[in-house]
There are 2 protein chains.
Amino acid sequence: MSMTALKAQTTERVRSVAAMLEEEIVLGWLLPRERLVEEELAERLAVKRHVVREALADLERVGLVERIPNRGAVVKLLDPVEVRQIYSVREALETLAAEQIPLPASATVLDALREVQQRHAVAVDSADARAAFRANMQFHETLFGACGNPPLVELIQGLAQKVHGARSITAASPEHLRLARDEHAAMVEALAAGDRDRLVALCRQHLGPSRDAYIAAIEARFARPGAVMTERQP
Amino acid sequence: MSMTALKAQTTERVRSVAAMLEEEIVLGWLLPRERLVEEELAERLAVKRHVVREALADLERVGLVERIPNRGAVVKLLDPVEVRQIYSVREALETLAAEQIPLPASATVLDALREVQQRHAVAVDSADARAAFRANMQFHETLFGACGNPPLVELIQGLAQKVHGARSITAASPEHLRLARDEHAAMVEALAAGDRDRLVALCRQHLGPSRDAYIAAIEARFARPGAVMTERQP
DNA sequence: TTCGACATAATTGTTGACAATCCTGGCAAC
DNA sequence: GTTGCCAGGATTGTCAACAATTATGTCGAA
């Protein structure tokens with residue numbers, strides 16, 4: 001029965017390492033274009049190189065890092081047009097899911113959402129970015145999970161992961177966190193009231209801020225010399 | 001480029017192995033629930049175990065195989081409800097993509113589609129299942145690729161891959177192949193004529209047959225003993 | 001100074017052996 | 001006849017050393 005073995009099963013360690021790296025990317029601890037050296041990570045995370053290797057392969061599949069043969073991995077920098085495209089698909093998918101959630105929402109779903117939202121609010125108020133990130137992910141998972149279409153939920157989560165690199169701008173910003181918190185509350189309200197139009201609208205506008213903040217930040221800070229942006233010359 | 005490269009880059013070999021296994025699954029050479037033993041595959045495909053391992057991890061992420069820790073990999077058997085859910089999302093995404101294709105389609109797109117469709121028709125007529133499969137994939141890639149949203153195309157392809165295991169029923173069936181060929185022709189026609197409604201409708205109905213055939217087949221052939229179906233005893 | 005060849009260092013990719021784990025089948029006890 | 005247990009074998013997971021590749025820095029020549 002106990003699925004979670006006491007001594008971390010191998011594939012679990014890989015997933016654990018991948019999750020740690022993902023968090024470090026989202027929280028801005030690892031910046032775009034930063035190199036991810038296998039041995040270095042292996043020592044820091046106290047695992048063998050080969051585990052880090054598999055974790056990096058996982059993150060490459062997800063789209064969070066980029067691996068160049070014989071040259072190693074770097075955290076991927078999404079260009080603005082790709083971000084816009086991804087967000088447009090996210091909007092479509094999340095709308096689709098929101099339209100399929102049975103309304104008014106069941107008590108179990110509402111209770112779960114309120115509990116998670118509570119944790120998220122606490123994390124935001126105490127400026128605990130990591131806890132806020134985790135609670136935020138869990139909130140969306142339970143919210144969209146209520147649509148009854150697991151493959152759809154998986155897709156939504158996958159797309160969210162893809163732009164996690166983009167969230168390093170908003171994940172630490174108190175204003176954005178507070179805004180997200182309030183929007184979550186509004187969503188729960190709409191779910192309880194059975195107001196589908198409001199729910200869908202909330203989901204849609206919930207996506208905007210992080211996208212816009214990222215695009216603005218990326219064009220200001222990570223522009224490559226040689227691109228359209230005029231960069232100061234040394 | 002020569003596929004059978006003598007000195008293939010490592011990550012290329014992994015992708016190559018994954019692609020081979022995927023084809024073998026789609027063509028029904030590897031059946032659902034069949035075990036995939038690393039050493040065995042390594043010897044058969046003339047690569048090291050380590051490469052097979054990574055390829056299996058890839059296919060696991062795609063959803064074509066299932067890996068249980070310390071027990072190995074098997075080709076995944078999708079249950080009918082999951083297949084229905086996936087197809088419903090496919091329908092939504094392909095509709096979304098079809099709605100974004102600029103109409104009437106550009107000459108380059110049409111030329112490319114006609115060329116691929118020609119190859120597909122030849123393969124179907126000569127009952128070359130493998131060539132038909134490849135041409136079919138390429139057709140949909142170029143078709144939806146015309147929507148101008150690469151992440152969306154990637155998602156569509158990923159979902160198609162997920163149900164590739166389900167295609168082993170239709171991939172070898174002459175009737176289904178002929179039907180697909182004719183529907184492809186109709187799509188090209190709609191693209192050329194700039195008839196968006198017809199295009200969207202064609203995309204939608206194009207999904208039906210393989211889904212229905214798979215669900216019927218799975219319930220007839222792969223029912224687990226202990227389920228409602230009565231299975232013959234040896 | 002600038003350019004290019006060459007040696008050197010840093011990093012990834014590969015390999016085979018070893019350890020851990022899980023399934024199979026036989027054998028004994030009830 | 002069924003159940004439980006203990007080998008034995010098959011398979012996956014782990015590891016450290018080695019090979020291959022790419023980046024870096026130095027030196028000499030134009």
Side-chain angles (χ1 to χ4, degrees), chain A residues 1-21 30-31 33-61 64-76 224-225 233-234, chain B residues 1 4-21 24 30-61 64-77 224-226 233-234:
Chain A
M1 275 299 123
S2 63
M3 286 287 85
T4 53
L6 302 138
K7 43 191 171 183
Q9 190 54 256
T10 179
T11 179
E12 304 236 359
R13 269 189 293 176
V14 172
R15 287 200 117 53
S16 163
V17 168
M20 284 187 206
L21 291 174
L30 292 171
L31 267 56
R33 297 225 196 96
E34 184 163 350
R35 282 192 70 187
L36 300 173
V37 179
E38 294 179 355
E39 253 179 313
E40 189 182 302
L41 294 175
E43 189 181 10
R44 183 154 69 82
L45 301 176
V47 295
K48 298 298 174 187
R49 187 158 74 97
H50 119 21
V51 175
V52 174
R53 210 176 159 66
E54 276 187 55
L56 287 176
D58 259 27
L59 293 179
E60 183 193 28
R61 285 188 275 265
L64 271 178
V65 309
E66 203 171 355
R67 284 178 87 196
I68 304 161
N70 288 319
R71 299 225 298 147
V74 298
V75 350
K76 188 171 176 183
R224 275 191 186 282
Q233 298 273 35
Chain B
M1 290 292 108
T4 55
L6 301 152
K7 44 153 190 185
Q9 190 57 256
T10 176
T11 179
E12 303 223 5
R13 271 188 293 177
V14 172
R15 284 212 154 351
S16 163
V17 168
M20 284 187 205
L21 291 175
E24 294 191 359
L30 292 171
L31 268 56
R33 299 227 194 94
E34 185 163 348
R35 283 192 70 186
L36 300 174
V37 179
E38 294 179 355
E39 250 178 316
E40 188 182 302
L41 294 175
E43 189 180 11
R44 183 155 69 82
L45 301 176
V47 295
K48 296 299 173 185
R49 188 159 74 95
H50 168 283
V51 175
V52 173
R53 209 176 160 66
E54 276 188 53
L56 287 176
D58 260 26
L59 293 179
E60 182 193 29
R61 176 151 250 308
L64 270 179
V65 308
E66 204 170 356
R67 266 164 63 118
I68 305 162
N70 288 319
R71 299 225 292 142
V74 297
V75 352
K76 188 171 176 184
L77 175 68
R224 276 191 186 282
Q233 300 274 34

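Below, chains carry the letters A, B, ... as their sequence lines are ordered, and counting in each starts from 1.
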Taking [atom1] from [X] and [atom2] from [N], how many angstroms apart are they, rounded to a whole number?
X: A/His50; N: C/dG13; atom1: NE2; atom2: C1'; value: 14 Å
X: A/Arg53; N: C/dT14; atom1: CZ; atom2: P; value: 7 Å
X: A/Arg35; N: C/dT12; atom1: CZ; atom2: P; value: 6 Å
X: B/Arg67; N: C/dC22; atom1: CZ; atom2: P; value: 15 Å
X: A/Ile68; N: C/dT11; atom1: CD1; atom2: P; value: 15 Å
X: B/Glu40; N: D/dT11; atom1: CD; atom2: P; value: 8 Å
X: B/Glu39; N: D/dA10; atom1: CD; atom2: C1'; value: 9 Å
X: B/Leu41; N: D/dT11; atom1: CG; atom2: C1'; value: 12 Å

- Message: Regarding A/Leu36, tell me which of base, sugar-phosphate or nothing describes its non-hydrogen contacts under 4.0 Å with the strands shown.
- Response: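 Since only primed, P, OP1 and OP2 atoms lie under 4.0 Å of A/Leu36, the category is sugar-phosphate.
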What pairs with [X] under side chain to side chain contact (heavy atoms under 4.5 Å, CB included), at least two apart in sequence or on another chain?
X: B/Val74; value: B/Arg35, B/Glu66
X: A/Glu34; value: A/Leu30, A/Leu31, A/Val75
X: A/Glu43; value: none
X: B/Glu60; value: B/Val65, B/Arg67

- Message: Taking side chain to side chain donor-acceptor pair (under 3.5 Å) as the definition, give me every residue that meets it alongside B/Arg49, ordered by chain and number, with sequence neighbours left out.
- Response: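 Listed in chain order: B/Glu38.
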- How far apart are the closest heavy atoms of A/Leu59 and A/Ala18, and which atoms are they?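 Closest pair (atom of A/Leu59, atom of A/Ala18, distance): CD2-O, 3.9 Å.
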- Between the two end axes of the helix from C/dT1-D/dA30 to C/dC30-D/dG1, each built from 5 base pairs, what angle do you get to the nearest 10°?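 It comes to 10° between the two terminal axes.
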- Examine the base of C/dG13 for any acceptor or donor lying under 3.5 Å from a partner atom in the side chain of A/Arg49, and report the outcome as yes or no.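 Side chain to base: pair present.
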- Side-chain N or O of A/Arg71 less than 4.0 angstrom from OP1 or OP2 on D/dT21?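 So the side-chain polar atoms of A/Arg71 never come under 4.0 Å of the phosphate oxygens OP1 or OP2 of D/dT21.
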- Query: Given C/dT11, D/dC15, D/dT12, which nucleotide is nearest the side-chain atoms of A/Lys48?
  - Reply: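 The listed nucleotide nearest to A/Lys48's side chain is D/dC15.
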- Look up atom CG in B/Leu45 and atom CD in B/Glu24, then write down how far apart they are to the nearest 0.5 Å.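 Taking CG in B/Leu45 and CD in B/Glu24, the distance rounds to 6.5 Å.
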